[in-house]
Amino acid sequence: MRFIKTKDYEDMSRKAANIIGAQVVLKPASVLGLATGSTPIKTYANLVKDYQNGDLDFSQVSSVNLDEYKGLDRKNDQSYFYFMNDHLFKHVNIDPNRTFLPDGMENDAAKACRDYDGVLKAVGGVDLQLLGIGHNGHIGFNEPSDVFADQTICVDLAESTIQANQRFFASYDDVPKRAYTMGIGTIMAAARILILASGEGKAAIVKAAFFGPVTPKVPASILQFHPDVIVIGDEAAFSQITI
Ligand code: GLP
């Protein structure tokens, strides 16, 4: 694992965008694995800026997102489809037909997972997977568990995740309790992984996930076994580790 310590959130976001941008420059038809959450928002803003400056061209890029809430319509402003459109897709020249997320409105969980695994197979492998990390070590929506999921699954969100996500919804009852997520096996199959962590609140999990034992109780810990992982974190997120 390579660790890049940045001054602050802004610096982390610029460096992350530079790495994603370099991937697209080097391989214009890249398959990008994309993430949501508050952490990558500025990274996307920087990619949009680079596109507007004429430095990036997304016309041949395909994207697959990690996850989507079960039961949220694409028009719902808390759906991850809406998020991706709002923060990236509508601002750049990516072909909407080549941007993929699990179908949150598919009620048949087995079908939704099967369909998304079909999409992941069809795009032919992720070149660069962007990740955030949950306070409990989740990646995508792979919550702490007794096993690492291989392919796409429908998960019951952890109580702590529901509570963390409540800030985006009007009330607790409005927060979706289930989600579809790419499995750990699929995430680990990406050629390169870029994981972001920002703020004091992530310091303990950064230490546990990347310097503690590899266990499905801390899903991100599996990344220690991946041959090409870049962890970019700001000083606050890296405050409990020595690199
Ligand atoms: C959500 C997402 C994850 C994300 C995590 C952390 O639950 N499904 O992909 O990494 O939260 O979010 P944040 O970046 O807001 O801390």
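Each ligand, and each atom within it, is numbered from 1 in the order the structure gives. On a predicted model such as this, the values are computed, not experimentally measured, just so you know.
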Distance from atom 4 (C) of ligand 1 to nearest protein heavy atom, with residue and atom
Thr36 O, 4.0 Å

Where at least one partner belongs to residues 99-109, residue pairs that pass side chain to side chain donor-acceptor pair (under 3.5 Å), sequence neighbours excluded:
Lys70-Asn107

Test log, rule salt bridge (charged side-chain N to carboxylate O under 4.0 Å, His left out), inputs Lys121 and Asp117:
CA-CA 6 Å; Lys121 197 166 168 213; Asp117 283 332; over 6 Å; no

On a heavy-atom basis, which atom in Arg98 and which in Ser62 lie closest, and how many Å separate them?
CD-OG, 3.0 Å

Quick test of your reading of the model: are Asp127 and Lys27 salt-bridged, counting only N-O distances below 4.0 Å?
yes

Option whose closest heavy atom lies nearest to atom 5 (C) of ligand 1, chosen from Lys202, His138, Arg167:
His138

Atoms in ligand 1 flagged as close to Thr39, the criterion being non-hydrogen separation under 4.0 Å:
13 (P), 14 (O), 16 (O)

Please report whether the ring centroid of Phe141 lies less than 6.0 Å from that of Tyr69.
yes

Please could you name the atoms of ligand 1 that Tyr80 approaches to less than 4.0 Å, counting only its heavy atoms?
1 (C), 2 (C), 8 (N)

Could you list the atoms of ligand 1 found under 4.0 angstrom from a heavy atom of Gly132?
10 (O)

I'd like the name of whichever of Asp67, Ile133, Leu196 reaches closest to atom 8 (N) of ligand 1 through any heavy atom.
Asp67

So, Asp174 and Ser171: side-chain donor and acceptor under 3.5 Å apart, yes or no?
yes

Can you tell whether the side chains of Arg2 and Asp228 come within less than 4.0 Å, N to carboxylate O?
yes

Which residue supplies the protein heavy atom nearest to atom 13 (P) of ligand 1, what is that atom called, and how far is it?
Ser38 OG, 3.4 Å

Quick check: does Gly140 get an N/O under 3.5 Å from an N/O on ligand 1?
yes

Residue, atom name and distance, where the atom is the protein heavy atom closest to atom 12 (O) of ligand 1
Gly37 CA, 4.0 Å

